Amino acid sequence: MSDITDPLTQEFQAPSPREMLKQRAKGHLGLLTGLGIVGLLALVAIFAPLLAPHDPYAQSLMTRMEPPVFLGGDWDHPLGTDHLGRDYLSRLIYGARVSLMIGAIAALISGVIGTTMGVAAGYFGGKVDAFVTFLINVRLAMPVVLVALAVVAILGGSLTVVICVLGLLLWDRFAVVMRASTLQISRRDYIAAARAVGASTPRILLTEIMPNIFNNLIVVITLEMAHAILLEATLSFLGLGVQPPTPSWGLMVSEGKNMMLFEPWLVLIPGAVLFVLVLAINLMGDGLRDVTAPENRS
Amino acid sequence: MTEDTLLEVRNLTLDIPAGGGTLHAVRGIDFDLKRGETLSIVGESGSGKSLTSLALMGLLGNSIKRSADVMRFDDIDLLTASRKTMRSLRGNRMAMIFQEPMTSLNPAYTIGDQLMEALLLHRRVGRAKARERAVELLEKVGITSAGSRLGQYPHQLSGGLRQRVMIAMALMCEPDLLIADEPTTALDVTIQAQILRLLVELTREMNMAMILITHDLGVVARVADKVAVMYAGELVETGPARPVFARPSHPYTRGLLRCIPQPGKTARGADLGTIPGIVPSLIGDVTGCAFRTRCAHAQPTCRKQIPVRGEVPHQFRCVHADGAISAERETA
Amino acid sequence: MLPFILKRLGLALLVAFTVSFISFSLLFLSGDPAAALAGETASGEDIEAIRTLYGFDRPMMVQYGEWLFSAVRGDFGESYYFKLPVASLITDRLQVTMLLGLCGITFALLTAVPLGVAAAIRPNSMIDRLALFLSVAGQALPSFWFGLILIVLFSIKFQILPPSGAESWRHFVMPTIVLGYYAMPAIMRLTRAGMLDVLNSDYIRTARAKGAGEGRVLFKHALRNAIIPVVSLAAVQMGFMLGGSIVVESVFALHGAGYLAWESIARNDLPTVQALILIFSMFYITFTFLADVLNAWLDPRMRSA
């Protein structure tokens, strides 16, 4: 068979994994949209002082509840003003800071807790696993909103308290997913091989397990960040999260609620921005899952 | 088509759209089958055997394109048959058993329910009658205390028992044609022989035609009236079992036969044959002999149209008039 | 199946016990419950008086033991704010919340399961895309905002539904939708994934080879297997929903247990808060336990084990 040009003998050239990842990412509309919106809002949050047309805290009794431009307002306050005459757009822009910061830090805290628990459970199995599974069960049985509200009410609603409470409450999904991924990985032969050559447990965890569950971790971090942002907004809406006058989207909805009958935009605008941000983060997370582990797609 | 021909297939072609092209999974195969006859389709995995059988049953997915000049079952044209007609044939006049007895039964229902369903779907009988028939068939396939088995769930049975249940289920309506797709592959060797013997007995007893799909030539030799050797979507050699085994003409058939030890013929300690290489990709334009990439006697002409050699009923496709038998003897 | 139930019951009790301890400990989170209860303006004497009145001067474990012992008998103490037995306060309000939860889960199942099945039958079709869109949107939609939008639309603009209260079925329409939509995405996704998985299984091919029609294949052979995990999820979601009723009830001023929780938290009424956290947890634990038992019964492999 010296015949090299025979089409039947030509082997199918598979692209490299990295190449395939890129290809899939490029074709994934949801991932791109999510990344775009999240990136944009992150920039807005970072450069809030430059972008905000007014001081988000500056009250003005003369210009209370001015409508946004599309409802006949003027360009000095593009999205109008609230019941204390504060510029709505500026408060929205600073609110992005609060949301993203709380979401990111809470996801990070719960990520550390949940991943440690999950990896330990999956890797060591036995009693450790049973204990972690038990803790997950306990955590799931506690009503999150209620417990968070109660704790914030007792300790006072500072940003730090809200972040810590969310961080300490949202580790369950990390623990569940990381446990399952670690369990799956540690059954594979190369882990046994690493053990056989005498690699220490920390070494196996760091060099063999972690890199392999990293993709899943990133996905859960994004999804939990969205979860934390939603919860913060909910707590603030119920009056037991971020406290006034800090600009939080949930709080803005809550403040606008009383004037909803006449000025529904006060409620619609901050809620819509919140919805778009959470949607974008979720799209990003789902997209990352599709791209990194298409076999896990649900 | 003679009077007792049950199944006739001419130029059956199956195309699967694949990323960037079309996978020509089955390319222009012909065969026919008389009542009571057993045809064995032999080939490696991926050669298109299972697709062929699913095509007959009308069970291909929507994405697979099927075409043929003739595809006739008894007096029914399978090419133009409506979904409803196909449904009334399936499980009734043509039945099928699959390779994986462990996963082919629904875990949520008792085997009694699943057995009776086949009858209740096609016959106007009551549950009591259906139950009777189920017991009768379970006994026929050699399952003891059949009555109490009806209430059991699939997970309570061993693989061998489940395959017996699958066979009983396929026979509930006394089909004219039974398609058995690797029915013994997933089973233990000792069970394999039992199941095979059972199939042969049942086909004789019920005068049922059978298409037995397998990659195991040992199985074929014992049960088949006719053999069709399939390679990469084509039938490379067809004919009555005896002459095909006595005078295998296509280099691929001979390669396959060398892979199995033959009592009395294969010397103790002698190497069994292997066929080098892998099955080629069938995506894109496939012309000529698909086996040329692995054939020791391949020539440039193998890429052109391949003539059909031999005389009816034993035929093969090869550029060599003798299937390169003489060339093979020389090198040996 | 009995050993499984007993084992599962043991776990449920252990979880319940742990949860009870955590909800009790909340009281001590502030450091000094007496000071917290007395308020910022109270004098040292007042605080001491409250401390002895409520028994905060005794060791925490003693207090916990006493609290748990009473709680098991249905006595959660007296509400600081309402000056009524917490138990009777809660039983009154719980009916509304249970009704809301039932309506919510029914709404979620009635929309999610058909949508998930339809999406799985025709992957990548319009209906699949619609289902995906609804589930992605649902997971990002803040319930409180969704509720307010419904009020703006149906109570203010079209004036067809009352914005608050619980007097008639019309009062429950919007809360049901908001609460149900919260649980819908997860159920829909699981139904779709389960159906897709099952439809590709060998036994579905067997059913088709028997000559079963599409409807029979889908609903008798496929759905029966795909629905098993959905049952568990629905129970879990029901548990979450009762916990989440606090948001919906406060938006629609529905005076249920969730609303009571919100009021009690705002008023520092700790016995009521503790009791509510415990009760909502017990609901979750009970639902998941029942779901696991039902699951085991639905799955013959576990039933006979």
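Because the structure is predicted, anything quoted here is derived from the model rather than measured.
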Measure distances from B:Met86 to the heavy atoms of chain C and classify the residue's part below 4.5 Å as side chain, backbone, both or neither. neither
If you look at every heavy atom in B:Ala108 and C:Arg224, which pair is closest and at what distance? CB-CG, 3.7 Å
Scored by heavy-atom pairs under 4.5 Å with chain C, the best of B:Thr110, B:Leu121, B:Asn92, B:Asn106 is B:Asn106
Find the one option among B:Met96, B:Glu100, B:His122 whose heavy-atom pairs under 4.5 Å with chain C are most numerous. B:His122
B:Pro107 and C:Pro300 have their tightest heavy-atom pair at O-CG, 3.1 Å
Please determine whether the number of non-hydrogen atoms from other residues, nucleotides or ligands lying under 6.0 Å from atom CZ of B:Arg131 exceeds 12. no
Could you tell me if B:Gln114 and C:His221 have a donor-acceptor pair between their side chains, going purely by distance under 3.5 Å? no
Minimum heavy-atom distance B:Leu59-C:Arg205, with the two atoms named: CD1-O, 4.3 Å
Could you tell me which portion of B:Leu89 (side chain, backbone, both or neither) has an atom closer than 4.5 angstrom to a non-hydrogen atom of chain C? neither
Answer yes or no: is there a donor N or O on one side and an acceptor on the other, between the side chain of B:Arg90 and the main chain of C:Arg208, under 3.5 Å? yes
Is it true that, when you exclude B:Arg123 itself, more than 12 heavy atoms of the residues, nucleotides or ligands shown sit nearer than 6.0 Å to its CZ? yes
Pick from B:Ser104, B:Gly91, B:Ala118 with the largest number of heavy-atom pairs that fall under 4.5 Å of chain C: B:Ser104
Gap separating the CG atom of B:Asn62 from the CZ atom of C:Arg122, nearest 0.5 angstrom: 7.0 Å
Top contributor to chain B contacts, counting heavy-atom pairs under 4.5 Å, from C:Ala207, C:Ala212, C:Ala209: C:Ala209
B:Met102 versus chain C, heavy atoms under 4.5 Å apart: side chain, backbone, both or neither? neither
If you measure from CZ on B:Phe98 to OG1 on C:Thr206, what distance do you get to the nearest 0.5 Å? 5.0 Å
Using atom types as modelled and distance alone, determine if a side-chain donor or acceptor of B:Tyr153 lies under 3.5 Å from a backbone N or O of C:Asp299. no
State whether C:Glu214 and B:Arg87 are salt-bridged, where the test is any N-O pair (Lys NZ or Arg NE/NH1/NH2 against Asp/Glu carboxylate O) under 4.0 Å. no
